[in-house]
K.L.:
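Handing you this structure, nothing more for now.
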Amino acid sequence: MFLYNTLTNKKEEFVPINDKNVTMYVCGPTVYDYFHIGNARSFIMSDILRKYLEYKGYNVTFAMNLTDVDDKIIKKANAQGVDSNVIAKRYSEAFFEDIEKLKVKKATIYPKATEHIKEIIDIIQKIQDNGYAYNIDGNVFFDVVKFKDYGKLSGKNIDDLISGARIEINEEKTNPLDFALWKKAKPGEPYWESPWGNGRPGWHIECSAMSTKHLGETIDIHAGGNDLIFPHHENEIAQSECANNKKFVNYWLHFGFLNINDEKMSKSLGNFFTARDILKTYSAESIRLLFSQSNYGSPLNFKSELLDATQKGLDKINNFIIRLDEIILLNKSGITPAFVIEDYKKQFAEAMDDDFNTPKAVAVIFDFVRDANKVLDENPAISSEFVKEIKSFVYNTAEGVLGIIAPVKEIKADNTLTDKLIEMLIQLRTNAKLEKNYKLSDTIRLELDKLGIVLQDTKTGTTFKINS
RNA sequence: GGCGGUGUGGCCAAGUGGCUAAGGCGAAGGUCUGCAAAACCUUUAUUCAUCGGUUCGAAUCCGAUCGCCGCCUCCA
């Protein structure tokens with residue numbers, strides 16, 4: 001498997017440190033609000049990567065942090081006159097609800113900054129002991145110029161950064177690029193005790209501390225949004241490598257930004273969409289298929305028309321699944337056609353192995369569905385066992401890795417009374433058709449359709465499905 | 001200004017040196033059907049922003065031009 005590594009700007013063969021065990025860290029949310037559709041891309045794409053690694057037989061330890069102490073949280077808490085952990089708790093819970101709706105598999109661990117203050121203090125201490133940090137009156141800063149590799153991820157050099165620095169010069173720092181590891185407590189802010197006095201962690205340090213604690217000093221994969229490359233990930237490298245004297249991450253992956261109607265998403269432009277809102281109109285599968293149909297690293301211009309189009313593609317796969325289920329239900333024996341599922345399996349893996357090429361992988365699935373449909377058309381007597389194999393391929397890939405198969409619509413109603421009533425109506429319609437009373441038969445079909453019950457005439461009789 | 005990315009059919013999008021330029025949506029026609037639905041088939045880019053170059057051969061490499069985007073501000 002090859003991955004595009006931001007650190008080297010090259011596609012590199014993925015070789016885990018520890019054989020079949022992979023460690024993976026993805027920057028999670030700052031829990032001060034519902035996450036938006038752009039965040040959702042990171043969560044979904046890292047989920048797909050993780051699931052694919054597992055599909056390939058790797059044992060993945062996947063950590064995603066929750067930043068639960070931060071300026072934005074504090075600001076919101078003060079505005080609402082509540083404690084900052086009330087805000088953090090509220091939006092952490094919302095985060096878990098939303099990722100579940102998006103069919104994102106739970107990470108192995110979701111470490112929280114506030115539960116790792118000890119580890120954070122320890123790692124700051126190490127950085128300071130190693131000579132890369134300085135303390136000014138209870139604020140501890142990382143001394144950027146001391147770390148010779150600073151800028152290696154983002155391709156920046158320190159001199160350019162200094163001359164281009166637009167941030168107001170903080171009198172306390174010796175260099176404007178230096179960033180806070182530990183912030184001295186201000187009135188009205190949460191704080192913890194530390195060797196430097198009461199304060200709270202800087203934003204970057206938690207990832208270094210928690211990644212080291214849960215995954216080790218060097219990890220396989222670290223991913224996040226494109227905008228985190230600088231300064232966040234650059235700073236993580238500086239912190240971790242200066243604390244541990246070891247390479248921090250072997251493979252850096254970055255997800256492209258998502259624009260809305262060609263504009264950057266922002267609250268002021270009024271084009272800010274939370275995942276929660278979008279899920280009210282569109283299914284998780286639509287969102288996941290849309291993201292899968294473009295390269296994870298490229299920018300994606302998000303429009304509702306794209307989700308509409310995606311939904312149609314999804315229907316094609318879902319109808320196929322329903323068709324398979326119907327055949328399996330009949331449990332017939334029959335021929336095993338010359339249809340080599342293994343070929344598609346190989347193509348799917350080839351696509352995914354090539355830097356996680358989900359658009360190509362999706363194309364393989366659509367090819368498979370088309371070809372398998374053709375096989376089913378041409379072979380009315382097909383063995384149910386073989387159909388199960390077909391289904392198993394689609395499930396392992398389209399659902400198991402990509403998560404794009406909707407919960408199967410009911411072939412039969414869950415309520416036997418409803419079931420029987422529908423069967424009666426179908427029988428009436430069939431009789432009407434035989435009598436060429438098409439006016440009646442069409443009325444029955446259309447009225448049922450209004451109720452979300454879709455009839456389909458097949459060679460073996462009329463079937464129905466119920467749309468939720 | 002510095003760094004990086006990108007420009008492929010009506011829309012989205014894969015392909016980064018050589019078989020007929022994937023796939024999805026849309027559109028047109030067809031098979032099946034009383035009609036639908038579903039499914040399948042056919043058609044829909046002699047062409048890959050533009051101009052030049054390298055090469056037996058380029059969407060793919062190089063140069064220039066134009067366009068768009070991101071980062072350099074604790075935004076995923």
Side-chain angles (χ1 to χ4, degrees), chain A residues 6 9 26-30 35-43 45-46 67 70-72 151 154-157 159-161 163-168 177 179-180 183 202-204 223-232 234-235 254-259 262-267 272 289-290 292-295 297-301 303 305-317 319-320 322-323 347 351 354 357-367 369-378 433 436-438 441-442 445-446 449 454-459 462-465:
Chain A
T6 312
N9 285 320
V26 177
C27 291
T30 299
F35 66 82
H36 56 69
I37 190 67
N39 301 97
R41 190 181 193 191
S42 288
F43 302 149
M45 294 320 284
S46 54
T67 301
D70 159 273
D71 291 346
K72 291 194 287 284
S154 54
K156 300 182 186 306
N157 69 64
D159 294 338
D160 286 347
L161 286 169
S163 62
R166 277 186 265 153
I167 44 174
E168 58 190 83
L177 294 181
F179 54 92
K183 292 178 164 183
W203 177 45
H204 311 292
N226 234 327
D227 58 326
L228 292 180
I229 295 173
F230 190 90
H232 183 56
E234 198 69 72
N235 292 353
H254 289 96
F255 304 115
F257 238 68
L258 197 143
N259 292 321
D262 290 313
E263 285 175 319
K264 188 165 172 166
M265 176 164 39
S266 75
K267 287 187 178 168
F272 188 91
L289 180 58
L290 175 63
S292 298
Q293 277 182 311
S294 52
N295 183 284
S298 305
L300 174 59
N301 193 25
K303 299 184 251 193
E305 303 87 78
L306 294 178
L307 280 172
D308 291 332
T310 307
Q311 186 57 50
K312 298 279 175 54
L314 236 34
D315 288 344
K316 183 177 274 192
I317 299 173
N319 287 329
F320 177 64
I322 289 169
R323 183 177 191 186
Q347 286 174 41
D354 180 19
N357 190 334
T358 51
K360 209 187 231 178
V362 168
V364 172
I365 288 168
F366 277 110
D367 281 342
V369 169
R370 183 197 57 226
D371 295 346
N373 261 321
K374 210 186 298 181
V375 167
L376 295 180
D377 282 349
E378 288 163 1
K433 277 172 67 177
K436 299 205 190 301
N437 184 352
Y438 297 125
S441 67
D442 287 351
R445 195 186 73 226
L446 294 172
D449 191 72
V454 181
L455 302 190
Q456 288 188 13
D457 293 333
T458 70
K459 279 174 186 154
T462 302
T463 63
F464 68 91
K465 64 176 182 178

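In what follows, every chain begins at residue 1, and chains take the letters A, B, ... in the order their sequences are listed.
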K.L.:
Looking only at side-chain N and O atoms, does A:Lys72 come under 4.0 Å of OP1 or OP2 in B:C74?
P.N.:
no

K.L.:
Check whether any side-chain nitrogen or oxygen of A:Asn39 sits under 4.0 Å from OP1 or OP2 of B:A76, and answer yes or no.
P.N.:
yes

K.L.:
How is A:Leu376 classified with respect to the nucleic acid when contacts are heavy atoms under 4.0 Å: base, sugar-phosphate, or nothing?
P.N.:
nothing

K.L.:
Considering Watson-Crick and G-U wobble pairs with both distances under 3.5 Å, what does B:G9 pair with?
P.N.:
none

K.L.:
Identify whether any heavy atom of A:Leu228 sits under 4.0 Å from a base atom; if not, whether one sits that close to sugar-phosphate; answer base, sugar-phosphate or nothing.
P.N.:
sugar-phosphate

K.L.:
Taking the six-membered ring for Trp, does A:Phe255 stack with B:A76 (centroid gap under 5.5 Å, planes within less than 30°)?
P.N.:
no

K.L.:
Rounding to the closest angstrom, what is the interatomic distance between B:C41 and B:G5 at atom P?
P.N.:
40 Å

K.L.:
Please classify the nucleic acid contact of A:Asn235 as base, sugar-phosphate, or nothing, using heavy-atom distances under 4.0 Å.
P.N.:
nothing

K.L.:
Any donor and acceptor pair, going by atom type alone, linking the side chain of A:Asn357 with main-chain N or O of A:Lys360 inside 3.5 Å?
P.N.:
yes

K.L.:
Would you mind reading off the distance between A:Leu306 atom CG and B:A13 atom C1', rounded to a whole angstrom?
P.N.:
10 Å

K.L.:
I'd like the C1' distance from B:U33 over to B:G23, given in whole Å.
P.N.:
29 Å

K.L.:
Quick one: does A:Asp442 reach the base of B:G34 with a side-chain donor-acceptor pair under 3.5 Å?
P.N.:
yes

K.L.:
Would you find a donor on one side and an acceptor on the other, under 3.5 Å apart, between the side chain of A:Gln347 and the backbone of A:Val364?
P.N.:
no

K.L.:
Please work out if A:Gly155 contacts a base, only the sugar-phosphate, or nothing of the nucleic acid, heavy-atom cut-off 4.0 Å.
P.N.:
sugar-phosphate

K.L.:
Should A:Asn357 be listed as having a side-chain N or O under 4.0 Å from OP1 or OP2 of B:G15?
P.N.:
yes

K.L.:
Base, sugar-phosphate or nothing for A:Lys436? Non-hydrogen atoms, less than 4.0 Å.
P.N.:
nothing

K.L.:
Looking at every strand, decide which applies to A:Gly28 at a 4.0 Å heavy-atom threshold: base, sugar-phosphate, or nothing.
P.N.:
nothing

K.L.:
Looking across every strand, which nucleic acid part, if any, lies under 4.0 Å from A:Ala363 by heavy atom: base, sugar-phosphate, or nothing?
P.N.:
base

K.L.:
Quick one: which of B:A14, B:G34, B:G23 gets closest to the side chain of A:Pro359?
P.N.:
B:A14

K.L.:
Taking a pair as Watson-Crick or G-U wobble with both distances under 3.5 Å, which nucleotide is matched to B:U33?
P.N.:
none

K.L.:
Counting only side-chain heavy atoms from C-beta out, which of B:A37, B:C35, B:G24 sits nearest to A:Arg445?
P.N.:
B:C35

K.L.:
What is the distance from CG of A:Leu455 to P of B:A37, rounded to the nearest Å?
P.N.:
13 Å

K.L.:
What's the CG-C1' distance between A:Asn9 and B:U16, to the nearest Å?
P.N.:
16 Å

K.L.:
Just call it for A:His36: base, sugar-phosphate, or nothing, with non-hydrogen atoms closer than 4.0 Å on any strand.
P.N.:
base

K.L.:
With distance as the sole test, does A:Thr67 use its side chain to make a donor-acceptor pair with the main-chain N or O of A:Thr30 at under 3.5 Å?
P.N.:
no

K.L.:
I'd like to check A:Asp457 versus A:Lys433 (side-chain heavy atoms, cut-off strictly below 4.5 Å). Are they in contact?
P.N.:
yes

K.L.:
Which whole-number value in Å describes the distance from A:Glu234 CD to B:G4 P?
P.N.:
14 Å

K.L.:
A:Asp227 has an atom CG; how far is it from atom P of B:C72, in whole Å?
P.N.:
8 Å

K.L.:
Under 4.0 Å between a Lys/Arg side-chain N and an Asp/Glu carboxylate O for A:Arg445 and A:Asp442?
P.N.:
yes

K.L.:
How far, in whole Å, is B:A22 from B:U16 if one measures between their P atoms?
P.N.:
14 Å

K.L.:
Rounded to whole angstrom units, what separation is found between the CG atom of A:Leu307 and the C1' atom of B:G24?
P.N.:
13 Å

K.L.:
If we take the C1' atom in both B:G24 and B:A58, what is their distance in whole Å?
P.N.:
27 Å

K.L.:
For A:Lys312 and for A:Asp377, locate the closest nucleotide of RNA chain B by heavy-atom distance; then report the residue assigned to the nucleotide nearer the 5' terminus.
P.N.:
A:Lys312

K.L.:
Please work out if A:Asp367 contacts a base, only the sugar-phosphate, or nothing of the nucleic acid, heavy-atom cut-off 4.0 Å.
P.N.:
sugar-phosphate

K.L.:
State, yes or no, whether a side-chain contact exists between A:Phe320 and A:Leu376 at a heavy-atom distance under 4.5 Å.
P.N.:
yes

K.L.:
So what does A:Asn295 touch, heavy atoms closer than 4.0 Å: a base, only the sugar-phosphate, or nothing?
P.N.:
sugar-phosphate

K.L.:
Can you identify which nucleotide, out of B:G2, B:C25, B:C41, has its nearest atom closest to the A:Arg370 side chain?
P.N.:
B:C41

K.L.:
Judged by atom type as modelled, is there a donor-acceptor pair below 3.5 Å linking the side chain of A:Asn319 to the main-chain atoms of A:Lys316?
P.N.:
no

K.L.:
Nearest whole angstrom, please: distance from the C1' of B:C75 to the CG of A:Asp70.
P.N.:
11 Å

K.L.:
A:Asn226 has an atom CG; how far is it from atom P of B:A76, in whole Å?
P.N.:
13 Å

K.L.:
Paired with B:A21: which nucleotide, if any, by Watson-Crick or G-U wobble criteria at under 3.5 Å for both distances?
P.N.:
none

K.L.:
Determine the Euclidean distance between corresponding P atoms of B:G52 and B:C11; express it in Å to zero decimal places.
P.N.:
26 Å

K.L.:
When you match A:Thr310 and A:Arg323 each to their closest nucleotide on RNA chain B, which lands nearer the 5' end?
P.N.:
A:Thr310

K.L.:
Counting C-beta onward and ignoring hydrogens, is there a side-chain heavy-atom pair between A:Thr463 and A:Leu455 closer than 4.5 Å?
P.N.:
no

K.L.:
Salt-bridge test for A:Asp367 and A:Arg370: reply yes if a basic N is under 4.0 Å from a carboxylate O, no otherwise.
P.N.:
yes

K.L.:
Quick one: look up who B:U44 pairs with, Watson-Crick or G-U, both distances under 3.5 Å, and put none if it's unpaired.
P.N.:
B:G26

K.L.:
Determine the interatomic distance between C1' on B:A76 and the same-named atom on B:U55; round to the nearest Å.
P.N.:
43 Å

K.L.:
Determine the contact category for A:Asp457: base if any of its heavy atoms lies under 4.0 Å from a base atom, sugar-phosphate if only primed atoms, P, OP1 or OP2 are that close, otherwise nothing.
P.N.:
base

K.L.:
Would you say A:Asn373 reaches B:C40's phosphate, i.e. side-chain N/O to OP1/OP2 under 4.0 Å?
P.N.:
yes

K.L.:
Work out how far the C1' atom of B:U8 is from that of B:U46, and round it to whole angstrom.
P.N.:
15 Å

K.L.:
What nucleotide, of B:C69, B:C25, B:C12, holds the atom closest to the side chain of A:Asn259?
P.N.:
B:C69

K.L.:
Taking pairing as Watson-Crick or G-U wobble with both contacts under 3.5 Å, can you name the mate of B:U50, or confirm there isn't one?
P.N.:
B:A64

K.L.:
Can you tell me how far P in B:U6 sits from the matching atom in B:C61, rounded to whole Å?
P.N.:
10 Å

K.L.:
Applying a 3.5 Å limit to both distances, which nucleotide forms a Watson-Crick or G-U wobble pair with B:G57?
P.N.:
none

K.L.:
Measuring to OP1 and OP2 of B:A13, would you say a side-chain N or O of A:Lys360 lies under 4.0 angstrom away?
P.N.:
no

K.L.:
Tell me whether the side-chain N/O atoms of A:Lys374 come closer than 4.0 Å to OP1 or OP2 in B:C41.
P.N.:
yes

K.L.:
Determine the contact category for A:Ile365: base if any of its heavy atoms lies under 4.0 Å from a base atom, sugar-phosphate if only primed atoms, P, OP1 or OP2 are that close, otherwise nothing.
P.N.:
nothing

K.L.:
In the structure I gave you, are the side-chain heavy atoms of A:Leu258 and A:His36 within less than 4.5 Å of one another anywhere?
P.N.:
no

K.L.:
Give A:Phe257 one of three labels, base, sugar-phosphate or nothing, depending on what nucleic acid heavy atoms sit under 4.0 Å from its own.
P.N.:
base

